[in-house]
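Written below as structure tokens is the structure these notes are about.
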Amino acid sequence: MRFLGIILGLAVFASALVVVDLAQRDRDLTRALSEQRQAIQKLNVTYAELQLEEGALAAQGRVDQIAQTRLDMHMPSPDQITMVFR
């Protein structure tokens with residue numbers, strides 16, 4: 001009977017150690033999940049900022065202005081335009 005008590009005591013102690021280990025793993029995973037969610041949030045903010053910047057850079061008026069000032073481009077005259085039909 002004493003042997004059975006020792007075995008049960010060891011089993012309770014072992015299960016307590018497993019519970020402590022699982023609780024620590026849960027805390028570690030929860031912390032890692034929180035960090036990943038924060039990283040995702042930062043990336044979403046950066047992506048939104050980049051989309052706004054892309055929209056501003058690709059605005060037709062800005063493209064026209066750069067083409068005229070930096071590249072010295074201009075609209076062709078009607079006699080320089082050739083229509084191609086299929």
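- Considering only heavy atoms from C-beta on, E49 comes within 4.5 Å of V45 through its side chain.
- Cluster partners of L50: none. The rule joins Ile, Leu, Val, Met, Phe, Trp and Tyr whenever side-chain heavy atoms lie under 4.5 Å apart, and it links nothing here.
- Residues passing the salt bridge (Lys or Arg N to Asp or Glu O under 4.0 Å) test with D79, sequence neighbours excluded: none.
- Counting only residues at least two apart or in different chains, side-chain hydrogen bond (donor to acceptor under 3.5 Å, both in side chains) contacts with residues 32-42 are absent.
- Every residue two or more places apart in sequence or in another chain was checked for a side-chain contact (heavy atoms from CB on, under 4.5 Å) with D72, and none qualifies.
- The other members of the hydrophobic cluster of L17, by chain and number, are F13 (side-chain heavy atoms under 4.5 Å, ILVMFWY only).
- Using a 4.5 Å cut-off between side-chain heavy atoms of Ile, Leu, Val, Met, Phe, Trp and Tyr, L8 falls into a hydrophobic cluster with L4.
- A side chain to side chain contact (heavy atoms under 4.5 Å, CB included) with L22 holds for exactly one of V18, V19, V20, D26; it is V18.
- Residue pairs meeting the side-chain hydrogen bond (donor to acceptor under 3.5 Å, both in side chains) criterion with at least one partner in residues 6-22, sequence neighbours excluded, are D21-R25.
- The side chain to side chain donor-acceptor pair (under 3.5 Å) search around R70 returns none, not counting sequence neighbours.
- Looking at residues two or more places apart in sequence or on another chain, you find a side chain to side chain donor-acceptor pair (under 3.5 Å) between Q51 and Y47.
- With sequence neighbours excluded, the residues forming a side-chain contact (heavy atoms from CB on, under 4.5 Å) with L71 are M73, listed by chain and number.
- Alongside F85, the hydrophobic cluster contains I81, M83 (criterion: ILVMFWY side chains under 4.5 Å).
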Counting only pairs under 3.5 Å, give me each side-chain donor-acceptor contact of residues 54-64, with atom names and distances, residues two or more places apart or in other chains.
residue: Q60; atom: NE2; partner: D64; partner atom: OD1; Å: 3.1

